[in-house]
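Report on the following structure.
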Amino acid sequence: MAGQERARCPISQRRLSILAETIKNERIYWTIKQTIRSGGTVRFKEEPRKPATLSQRKSQGSKTRAYEFDAIRFVAIAFVVAVHSLVVIGPDAGRAAQWYRLGAQALFFMGNVLFFLMSGHFNLRPAREEDSIWRFYSSKLRNIVLPALLVFLGRSLLDWYTSSSSTPLARLLARNLLSAQGYASIEYWFVYTLLGYLLVSPFVRRIFPGLSTMERRVFLVLGLAFQAYVTTFANLGHEGAFSMPISGFFFVYCLGSFADKELATDATYRWFAPLAAICFALSVFLIYQGYGQHAQDTSPLFIIAALGLYAGLIRTFRNRQASPFVGLVARHSFSIYLVHMMVLVPLSRLPELQGLTGPWAIAGSALLTLVVFGISLGLALIFDETLVRWAKAAYDRAFAHD
């Protein structure tokens, strides 16, 4: 109990040394060091714990989940399901429904940017001494590639079983996995893109943690300028002559390494939030005017708007009491993403959702979002607690780290 002294507990010199070297908290570390020198008896007092900031949790090696990022995962996966549910709002749904679709699509597509920003945040952090490049790759293989492969294999088996084609299963699976017309061309494009970024992350993460504030700002301006160049030429029907290694979503991925530090502060957010709102409105207007190339992925207006949402979510949920439901969805968000289209496609074809107009089309899209989200969460829970759990356990036995 807090404030009460624990009993003396004799511990061997060797065990104290091991314990002292593995504890990250500096105060306890030196307490143990002094105890080793004075005779080998440990005496602790428990003190009430104060809420730690995210940076403190990282520096102490804490396993506690940062709730602000769980909330961002929740919002991002909800946006992904919602943007695909807009499919029930057809071209004949009426003017009001079309305006809703235009604005909602621009908002919900920010889910992609949120996921890339979070991925950059967690994968471009400075490596700890005990980390190695192989340990990094092994973690991504276990937690990302393994669940994705299970879904890809299941979908290929289903396609092969229901297809009248005589294509062998192995060839079908190889085509789905490796061809540009396979899974990389549908909703799983995110997995393929992210894997490429993860392969270079052990090298890239040696760059960004050491950048000064001025260097981070120059990188941000340089990247936005290049995206403006690419977006402008694309909407004029031309391809730009220049290229940069930070093209596409990789620029956003790299921004994730410092966006929360630079944009979520009080001083910056006061002017950045209104700027993000203006950029979002301009983005919707330009799409309405027919300038839609890159408008909902890597245009500078869209990136700034998404960064404003990202910073706002961090500020809103930082140090808030965690919601168990939000945490549950966040832990299973990747599997929800993997299975949601298998739920959405058949449900969107129901006769009751065809030909909806006006408010009914909007309501139908919202209802489809809720139903697909709920069913996908249930499937993700079953998938993660059975096949994924078993596969990870087998992987851990086969490739256990010392």
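Across all their heavy atoms, Ser257 and Phe208 have their closest contact at OG-CB, 3.4 Å. Residues Asp260 and Tyr310 come closest through the heavy atom pair N-CE2, 4.2 Å. Phe249 and Val113 make their closest contact through CE2-CG2, 4.0 Å (heavy atoms, listed as atom of the first residue, atom of the second, distance). Ser333 and Ile77 get closest at one heavy-atom pair: O-CD1, 3.6 Å. Of all non-hydrogen atoms in Leu173 and Phe152, the two that sit nearest each other are CD1-O, 4.2 Å. Considering all non-hydrogen atoms of both residues, Gly292 and Asn235 come closest at N-OD1, 3.2 Å.
For the residue pair Ser201 / Tyr253, a side-chain donor-acceptor distance below 3.5 Å is found, with atom types taken as modelled. Arg175 and Tyr183 share no donor-acceptor pair across their side chains, judged by distance under 3.5 Å alone. No donor-acceptor contact under 3.5 angstrom links the side chains of Tyr337 and Ser376, judged on distance only.
Of the possible donor and acceptor atoms, none in the side chain of Ser283 sits under 3.5 Å from a partner among the backbone N and O of Cys279. Looking at Gln354, its side chain does come within 3.5 Å of a backbone N or O of Ser348 through a donor-acceptor pair. The main-chain N or O of Tyr395 is never found under 3.5 Å from a side-chain atom of Arg142 such that the two would form a donor-acceptor pair. Side chain of Asn143 to main chain of Lys140: no donor-acceptor pair is present (N/O by atom type, distance under 3.5 Å, no hydrogens or angles). With Ser163 contributing its side chain and Trp160 its backbone, the two residues share no donor-acceptor pair below 3.5 Å.
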Worksheet item: Are Phe226 and Phe242 close enough, and set up right, to give a ring-ring contact (aromatic ring centres under 6.0 Å, His included), and what steps lead you there?
Response: CA-CA 9 Å; Phe226 176 73; Phe242 299 97; 8.7 Å; no
Fill in: Derivation and outcome, side chain to side chain contact (heavy atoms under 4.5 Å, CB included), residues Val80 and Phe108
CA-CA 6 Å; Val80 169; Phe108 296 152; over 6 Å; no
Item to complete: Go through the steps to decide whether Asp384 and Arg331 satisfy the test salt bridge (Lys or Arg N to Asp or Glu O under 4.0 Å), and finish with yes or no.
Response: CA-CA 10 Å; Asp384 286 342; Arg331 290 192 301 273; over 6 Å; no
Discussion item. Pair Asp70, Phe317 - check side chain to side chain contact (heavy atoms under 4.5 Å, CB included), show working.
Written reply: CA-CA 9 Å; Asp70 274 356; Phe317 292 100; over 6 Å; no
Item to complete: Please report the C-alpha distance between Leu149 and Leu177 in whole Å, then the side-chain angles of each, then the deciding distance to 0.1 Å, and finally whether the side chain to side chain contact (heavy atoms under 4.5 Å, CB included) criterion is met.
Response: CA-CA 9 Å; Leu149 282 178; Leu177 291 177; 4.2 Å; yes
Worksheet entry | Glu385 vs His332, side chain to side chain contact (heavy atoms under 4.5 Å, CB included): CA-CA, chis, key distance, verdict | CA-CA 10 Å; Glu385 296 302 322; His332 298 281; 3.9 Å; yes
Practice prompt. Test Arg155 against Tyr188 for side-chain hydrogen bond (donor to acceptor under 3.5 Å, both in side chains), laying out the working first.
Written response: CA-CA 12 Å; Arg155 288 193 67 164; Tyr188 300 130; 3.0 Å; yes
Pair up each side-chain donor or acceptor in residues 358-374 with any protein partner under 3.5 Å, not counting sequence neighbours, and list the distances.
unit_1: Ser365; atom_1: OG; unit_2: Ser85; atom_2: O; d: 3.2
unit_1: Thr369; atom_1: OG1; unit_2: Ser85; atom_2: OG; d: 3.3
unit_1: Thr369; atom_1: OG1; unit_2: Ser365; atom_2: O; d: 2.9

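Taking the side chain as every heavy atom from C-beta outward, Gln227 and Met244 never approach each other to under 4.5 Å. At least one side-chain heavy atom of Phe74 sits less than 4.5 Å from a side-chain heavy atom of Phe325. The shortest side-chain heavy-atom distance between Val252 and Leu307 does not fall under the 4.5 Å cut-off. The shortest side-chain heavy-atom distance between Ile89 and Gln98 falls under the 4.5 Å cut-off. Residues Glu68 and Arg320 have side chains not in contact (no heavy-atom distance under 4.5 Å, counting atoms from C-beta outward). Side-chain contact between His121 and Phe69: present, with at least one pair of heavy atoms (C-beta onward) separated by less than 4.5 Å. Using a 4.5 Å heavy-atom cutoff, the side chains of Leu224 and Ile304 are in contact. A heavy-atom distance below 4.5 Å is found between the side chains of Thr268 and Thr265.
The distance from the CG atom of Leu255 to the CD1 atom of Ile303 is 7.0 Å, given to the nearest 0.5 Å. Between atom OG1 of residue Thr231 and atom CG of residue Leu301 there is a gap of 8.5 Å, rounded to the nearest 0.5 Å. To the nearest 0.5 Å, atoms CD (Gln293) and OG1 (Thr298) are separated by 10.0 Å. Separation of atoms CH2 (Trp390) and CG (Leu387) is listed at 6.0 Å; rounding is to 0.5 Å. Taking CG from Asp131 and CZ from Arg125, the interatomic distance works out to 9.5 Å, rounded to the nearest 0.5 Å. The CD1 atom of Ile314 sits 10.0 Å away from atom OH of Tyr269, with the distance rounded to the nearest 0.5 Å.
Ring geometry for Tyr197 against Phe250 counts as tilted: the plane angle lies between 30° and 60°, on a 0 to 90° scale. Using cut-offs of 30° and 60° on the angle between ring planes, the pair Phe251 and Phe219 is tilted. Ring-plane geometry between Trp189 and Phe116 is classed as tilted, the angle between the planes lying from 30 to 60 degrees on a 0 to 90 degree scale.
Around the CD atom of Gln289, the shell of radius 6.0 Å holds more than 12 heavy atoms that belong to other residues, nucleotides or ligands. The number of heavy atoms from other shown groups lying within 6.0 Å of OH (Tyr291) does not exceed 12.
Residues meeting the side chain to side chain donor-acceptor pair (under 3.5 Å) test with Ser179, sequence neighbours left out: Gln181.
Salt bridge annotation for Asp266-Arg315: present, with a cationic side-chain nitrogen under 4.0 angstrom from a carboxylate oxygen.
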